[in-house]
Number of protein chains: 2
Amino acid sequence: MLKISELAAKTGLSTHTIRFYEKHGLINASERSEAGYRYYDDVDIRRAQFVKTARNIGFSLDDISQLLSIRVDKTSHSCQEVTDITQYKLDEVNARLVELQSMQNTLEILLESCCGGPENATHCSIMDALEAGDVKSTRSAA
Amino acid sequence: MLKISELAAKTGLSTHTIRFYEKHGLINASERSEAGYRYYDDVDIRRAQFVKTARNIGFSLDDISQLLSIRVDKTSHSCQEVTDITQYKLDEVNARLVELQSMQNTLEILLESCCGGPENATHCSIMDALEAGDVKSTRSAA
DNA sequence: TATAAGCTTAGAGTTAGCTCTAAGGTCAAC
DNA sequence: GTTGACCTTAGAGCTAACTCTAAGCTTATA
């Protein structure tokens, strides 16, 4: 049985984050001491590590909630439910990649167009492009 | 001279956002009617469009503040200042791209590993991988 | 002249995921 | 027995960029 700081050390989460995840139903201490100290058993620890792993991949806390509810009763859930969550996440990531690549492209073009030197910015071609608005729109959402 | 809703129509910003930008010093109505209505002249309009363009590219409001302070007095600022801001943004974008590409890669591998069928999730290889933690860590920040 | 559309302000709410604080109780070591 | 590290809670604060609300003027149209 680990105390919260030990679980923190083991998972790389902070104690604050562990309590925060508990508040949101992601992890849980299956025991408490008389004084109220949280104690985590092996099942708790594996669950916390699962959350950390999923978080590292980029799943949101909501995604992870869904994955966890599958995890606690795998026989009642299908592989398809799991792939649906994963595919949805991949779609999100791909959409954001498209946006960022467009931003990257625009910024690179701007940088190539400007001397970047100590001359004053009166004829700066980056400023000119921003003035003229002749740059691709890359953002659909932040 | 445009009223706020007309500026909104012209720039694609909402009236809420225009007031919000004003509160943050990005744009400004150079005149007010007796009743307090905002009126925007050509200079105001061009500034608002500059902000919108920069925002579309992905610059933050803080970045845009800096660009605007260069814009109002170009002779006191160098091209290098402009390229510095742009390069910094590009570095940010590139860093995020690396993260997202790693996420994309991990998610694709997970999806390939799983049948995605109606079978129950007892032997789901995505769940197994998340359990085992044998996936790359892709996140340094959200 | 009445109604509706549009404008004003200050300020609260939203999203996601933490991060920190205050005030106090617990525990192990010296 | 006292220091100091660690634990508890509720709740506030943070970031970024909006987004919305309420309460009340103003203006244009019919």
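We use all heavy atoms of the structure for the numbers below, so side chains are in, but hydrogens, waters and symmetry mates are not. The chains referred to below are lettered A, B, ... by the order of the sequence lines, with proteins before strands, and numbering in each begins at 1.
- The phosphate of D/dC7 has OP1 or OP2 within less than 4.0 Å of a side-chain N or O from A/S5.
- The separation between B/E31 atom CD and C/dT8 atom P is 14 Å, rounded to whole Å.
- Side-chain contact annotation: A/Q66 with A/D62, donor-acceptor N/O pair under 3.5 Å absent.
- The distance from atom CG of B/L7 to atom P of C/dT8 is 11 Å, rounded to the nearest whole Å.
- Every residue meeting the salt bridge (charged side-chain N to carboxylate O under 4.0 Å, His left out) condition with B/R71, not counting sequence neighbours, appears here in chain and number order: A/E131.
- With rounding to whole Å, A/L26 atom CG is found 10 Å from C/dG17 atom P.
- The nearest whole Å value for the distance from the NE2 atom in B/H24 to the P atom in D/dA16 is 11 Å.
- Within 4.0 Å of B/S60, counting heavy atoms only, lie sugar-phosphate atoms of the nucleic acid but no base atom.
- Listed by chain and residue number, A/Q104 satisfy the side chain to side chain donor-acceptor pair (under 3.5 Å) test with B/N94 (two or more places apart in sequence, or in another chain).
- Within the structure, a side-chain polar atom (N or O) of B/Y21 is placed less than 4.0 Å from OP1 or OP2 of D/dC18.
- A/E6 has its CD atom 13 Å from the C1' atom of C/dC27, to the nearest Å.
- In this structure, A/H16 atom NE2 and C/dA16 atom P are separated by 22 Å, rounded to whole Å.
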Could you go through nucleotides 25-30 of chain D and list every protein N or O atom that sits under 3.5 Å from one of its N or O atoms, giving the distance for each pair?
unit_1, atom_1, unit_2, atom_2, d
D/dT26, O4', B/Y37, OH, 3.4

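- The side-chain heavy atoms of A/L26 and A/S65, taken from C-beta on, include a pair separated by under 4.5 Å.
- Contacts classified as ring-ring contact (aromatic ring centres under 6.0 Å, His included) and involving residues 30-55 of chain B (residues at least two apart or in different chains) are not found.
- Residues passing the salt bridge (charged side-chain N to carboxylate O under 4.0 Å, His left out) test with B/E108, sequence neighbours excluded: none.
- Distance from the side chain of B/F20 is smallest to D/dC18 among D/dC18, C/dT8, C/dC18.
- Rounded to a whole Å, the CD atom of A/E92 is 10 Å from the P atom of C/dA16.
- Note on residues 109-127 of chain B: pairs passing side-chain hydrogen bond (donor to acceptor under 3.5 Å, both in side chains), not counting sequence neighbours, are B/S113-B/S125, B/N120-B/T122.
- Partners of A/D63 by salt bridge (charged side-chain N to carboxylate O under 4.0 Å, His left out), not counting sequence neighbours, listed by chain and number: A/K89.
- Residues meeting the side chain to side chain donor-acceptor pair (under 3.5 Å) test with A/T15, sequence neighbours left out: none.
- The salt bridge (Lys or Arg N to Asp or Glu O under 4.0 Å) analysis of residues 33-48 of chain A, with sequence neighbours excluded, yields the pairs A/E22-A/R38.
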When you compare the protein's N or O atoms with those of nucleotides 9-15 of chain D, which come within less than 3.5 Å of each other, and at what distance?
unit_1, atom_1, unit_2, atom_2, d
D/dT9, OP1, A/R32, NH1, 3.1
D/dT9, OP1, A/R32, NH2, 3.3
D/dT9, OP2, A/R38, NH1, 2.8
D/dT9, OP2, A/R38, NH2, 2.6

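- Near-neighbour residues of DNA chain D inside residues 40-52 of chain B, defined by a heavy atom below 4.0 Å, are absent.
- No side-chain donor from either of A/Q101 and A/N105 sits under 3.5 Å from a side-chain acceptor of the other.
- One can place CD1 of A/I4 at 14 Å from C1' of C/dT19, the figure rounded to the nearest angstrom.
- For A/S76, the side chain to side chain donor-acceptor pair (under 3.5 Å) partners at least two apart in sequence or on another chain are A/D73.
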